[in-house]
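Note sheet for the following structure.
Small disclaimer: the values here were computed from a predicted structure and weren't measured. Protein chains get the first letters and strands the later ones, always in sequence-line order, with residue 1 at the start of each. Values below: every heavy atom of this structure, side chains too, minus hydrogens, waters and symmetry copies.
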Number of protein chains: 2
Amino acid sequence: MPPKSATIIDVAREAGVSIKTVSRVVNQESGVHSETREQVLQVVARLNYRPKQSARSLAGGRSFLIGLLYYDPSAAFVGGVQQGATLRCREAGYHLVVESLHNDAPDLAMQVDRMVSALRPDGMILTPPLCDNPQVLKALRDNHTPCVLISPAADNPDLPSVRMDDIHAAEEITNLLISLGHQRIAIIKGAKDQVAAKRRHQGYLAALKSHRMALDKDLVVQGDFTFDSGVEAAYQLLSRRQRPTAVFASNDDMALGVLAAAQRLGLAVPGDLSIVGFDDTPAASRVWPPLTTVRQPMDEMARAAVDLLVGGAGGGRGDAAAPSGAERRAMHRVLKHELIVRDSTAALSAKPSRLKKA
Amino acid sequence: MPPKSATIIDVAREAGVSIKTVSRVVNQESGVHSETREQVLQVVARLNYRPKQSARSLAGGRSFLIGLLYYDPSAAFVGGVQQGATLRCREAGYHLVVESLHNDAPDLAMQVDRMVSALRPDGMILTPPLCDNPQVLKALRDNHTPCVLISPAADNPDLPSVRMDDIHAAEEITNLLISLGHQRIAIIKGAKDQVAAKRRHQGYLAALKSHRMALDKDLVVQGDFTFDSGVEAAYQLLSRRQRPTAVFASNDDMALGVLAAAQRLGLAVPGDLSIVGFDDTPAASRVWPPLTTVRQPMDEMARAAVDLLVGGAGGGRGDAAAPSGAERRAMHRVLKHELIVRDSTAALSAKPSRLKKA
DNA sequence: CTGAAAGCGCTTACAG
DNA sequence: CTGAAAGCGCTTACAG
């Protein structure tokens with residue numbers, strides 16, 4: 001027989017106070033005599049009392065649950081987001097419920113609705129591409145569930161968001177290549193329908209422009225963020241009569257593809273070709289040479305998202321009054337990224353080597 | 001004002017029945033007249049009624065929550081386990097709460113206790129190394145929380161578990177190398193304190209033995225499952241006067257390290273050296289050549305774990321009667337792995353090439 | 001096959 | 001600074 005665990009009534013009885021006072025102490029409300037508080041705290045410890053989420057939730061309307069919705073579980077950022085979110089949730093006394101959703105499921109809205117109306121999470125964290133999915137957003141709004149968007153395609157005026165500055169990061173990493181003496185710097189663009197792809201391309205263009213370097217259309221190739229598209233793009237690029245001496249792949253998976261292709265072609269990296277990626281995925285540091293890339297502050301972004309949700313920032317309820325300017329700024333946080341310089345980049349060598357046969 | 005969502009009372013009123021009958025229909029209990037059932041179902045649909053988890057949990061003692069505890073979020077298997085678990089949970093009407101824990105945190109037991117006594121999950125899924133941590137197990141037992149261990153070091157007679165057969169998988173992949181004509185097959189062992197490392201080593205030895213191949217101690221090197229340890233082990237191995245022609249790294253991260261080292265030394269893979277790993281991590285197929293490896297059926301393992309928990313298999317309560325033989329077998333499931341043959345392995349070439357200079 | 005009552009363990013709103 | 005009462009929305013026993 002599971003010996004029933006202590007309830008608030010047990011604590012109240014033992015401490016000789018009302019349950020309301022126990023509740024006050026446990027919830028750290030002010031206005032309790034410090035002696036009374038101590039008294040209660042001791043009994044709480046002795047009985048190992050822990051308020052039950054279901055009872056608090058039913059009575060108080062707060063579930064102490066935060067939801068995390070994601071699509072592709074293997075996407076570079078999901079792991080980081082989840083890690084940051086669980087940790088921050090624990091600190092704040094919340095718990096993280098995760099749900100893996102297909103972005104194009106026909107019953108997507110219903111799946112979200114089911115989860116939200118059953119669990120009543122106090123907030124929801126959405127990752128791309130779900131954070132840009134109108135169906136998901138509507139289901140959440142209909143249920144009056146606050147949410148925070150991680151790296152949305154566009155800042156939604158009504159919904160708080162957290163992201164990094166893709167444009168500047170891309171500009172910086174391109175600048176790094178330029179500062180190493182590279183003139184023929186190719187870019188492999190990401191999936192057409194993803195805004196991150198567009199922003200990184202913009203950053204690349206900005207870097208060239210600020211150095212008054214002409215854009216060579218031959219050095220711009222379309223990819224789709226997959227390893228295979230990186231391989232293919234690399235073959236295109238490296239078969240040109242005038243090879244690029246550096247490639248900026250819009251994410252690590254594609255950069256890994258470029259590296260693989262270069263190796264097959266017998267090109268030395270970084271000797272014959274410098275390569276940079278974006279994301280700092282686990283694989284980026286498990287190849288040789290390890291990739292120079294950009295680390296997205298995923299965990300910090302997730303922590304910030306949790307803070308927005310539990311901190312009573314209150315944004316995203318959908319029925320709130322129009323936010324003021326300052327509120328708007330607090331609602332859209334941009335976090336600092338980090339340039340990770342490793343061994344896949346080097347100064348342009350004086351005389352580029354010939355293609356060795358593969 | 002959030003328009004209050006429908007409660008069981010609303011449904012009962014509209015359908016002209018008692019709330020108990022609504023409860024029966026919603027919970028799919030038998031013994032309701034089919035006309036009544038239809039009637040209720042219609043109202044449920046019209047009002048978009050969904051029972052609230054907190055109320056069900058408080059009244060019924062079931063939370064419809066399953067917990068997943070993990071340590072290293074970047075560990076190869078965590079992603080797969082989580083994916084399988086969320087999906088199966090959704091099918092079963094449950095939700096997955098995740099928690100990232102440090103295996104050596106001083107307050108580990110308390111962290112587990114806090115989560116469990118607050119949330120009262122109906123079951124808990126434990127991944128290595130937490131599934132072998134006595135503190136964690138004790139905290140769960142004290143709270144009478146059923147749990148399932150994923151790939152535990154040893155089968156616990158009282159606790160259900162799900163795992164794959166590491167020994168046979170290692171034997172098979174070693175056999176693959178042997179069948180390709182390799183005679184000098186090195187192994188890089190995994191972390192000393194992990195049972196998977198030991199089992200894979202056993203499988204390697206079994207394969208050699210069944211082919212009456214002598215064990216060359218020089219070809220057995222200690223690693224610790226990290227990329228760096230793979231690099232280091234490879235340098236040791238490849239600097240021997242008699243190089244191995246194939247390497248079995250006990251996991252993909254180390255195999256990637258071997259690949260990186262081989263490339264630095266100017267060895268062709270698989271031409272000069274065949275490499276196999278274990279895990280089928282994302283990175284394994286994002287390098288060139290892609291790695292031959294073993295896929296662990298993580299998602300299926302997680303699904304099986306959820307089934308054991310919600311299927312009322314009832315194991316793991318810690319206060320149950322001693323299980324019978326058949327029960328014991330059902331409690332310890334072993335799932336089928338898969339050999340993934342890619343391009344990092346090839347038949348032994350007639351004349352091994354010399355070391356090119358790096 | 002159906003229902004009336006009690007109760008799960010908390011918080012809210014109100015009093016004092 | 002503290003407490004008595006009501007109620008959150010369900011399920012569990014129990015009746016019939």
Are M331(B) and L308(B) close enough, and set up right, to give a side-chain contact (heavy atoms from CB on, under 4.5 Å), and what steps lead you there? CA-CA 8 Å; M331(B) 275 176 60; L308(B) 283 168; 5.8 Å; no

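- Using a 4.0 Å heavy-atom cutoff across all strands shown, K52(A) reaches sugar-phosphate atoms only and no base atom.
- In this structure, R13(B) places its CZ atom 13 Å from P of dC10(D), rounding to the nearest Å.
- When each of dT2(C), dT2(D), dC8(C) is scored by its nearest atom to the side-chain atoms of A59(B), the top-ranked nucleotide is dC8(C).
- In this structure, R50(B) pairs ionically with D113(A), as a charged nitrogen and a carboxylate oxygen lie closer than 4.0 Å.
- Distances shown here put every side-chain N or O of S23(A) at or beyond 4.0 Å from the OP1 or OP2 atom of dC10(C).
- Taking side-chain N and O atoms only, S18(A) has a distance below 4.0 Å to OP1 or OP2 of dG3(D).
- Side-chain contact between S63(A) and R56(A) is absent, with no heavy atoms from C-beta onward closer than 4.5 Å.
- The distance from atom CD of Q53(B) to atom C1' of dC8(C) is 13 Å, rounded to the nearest whole Å.
- Going from atom OH of Y49(A) over to atom C1' of dG9(C) covers 7 Å, rounded to whole Å.
- Remark: D299(A) does not engage R88(A) in a salt bridge, criterion side-chain N to carboxylate O under 4.0 Å.
- Closest contact between the side chain of P51(B) and the listed nucleotides dG3(D), dC10(D), dC10(C) involves dC10(D).
- If I19(A) and I19(B) are placed on DNA chain C by their nearest nucleotide, the residue sitting closer to the 5' end is I19(B).
- Judged by closest nucleotide on DNA chain C, I8(A) is the one of R24(A) and I8(A) placed further toward the 5' end.
- Here dG7(C) presents its P atom at 11 Å from CD1 of I9(A), a figure rounded to the nearest Å.
- Shown here, dC1(D) forms a base pair with dG16(C); the pair counts as Watson-Crick or G-U wobble because both key distances fall under 3.5 Å.
- A side-chain contact (heavy atoms from CB on, under 4.5 Å) with V17(B) holds for exactly one of V25(B), V32(B), T36(B); it is T36(B).
- The nearest whole Å value for the distance from the CD atom in E29(B) to the C1' atom in dT2(C) is 12 Å.
- The separation between F64(A) atom CZ and dG9(C) atom C1' is 14 Å, rounded to whole Å.
- N27(A) places its CG atom 17 Å from the P atom of dC1(D), with the value rounded to the nearest Å.
- Side-chain proximity of T7(A) to the nucleotides dC8(C), dT2(D), dG9(C) is greatest for dG9(C).
- Nearer to the 5' terminus of DNA chain D, by closest-nucleotide assignment, is the contact made by V17(A) (compared with the other of V17(A) and K20(B)).
- Side chain of H33(A), nearest nucleotide from dG3(C), dC1(D), dG9(D): dC1(D).
- Between H102(A) and Y71(A), the ring-plane angle classifies as perpendicular under the 30° and 60° cut-offs.
- Nearest to the side-chain atoms of R56(A) among the listed nucleotides dC10(D), dG9(C), dT11(C) stands dT11(C).
- Note on T21(A): every side-chain N or O is 4.0 Å or more away from OP1 and OP2 of dT2(D).
- What separates CD of Q39(B) from P of dT2(C) is a distance of 11 Å, to the nearest Å.
- Note on T36(A): only backbone sugar-phosphate atoms sit closer than 4.0 angstrom, heavy atoms only; bases stay farther off.
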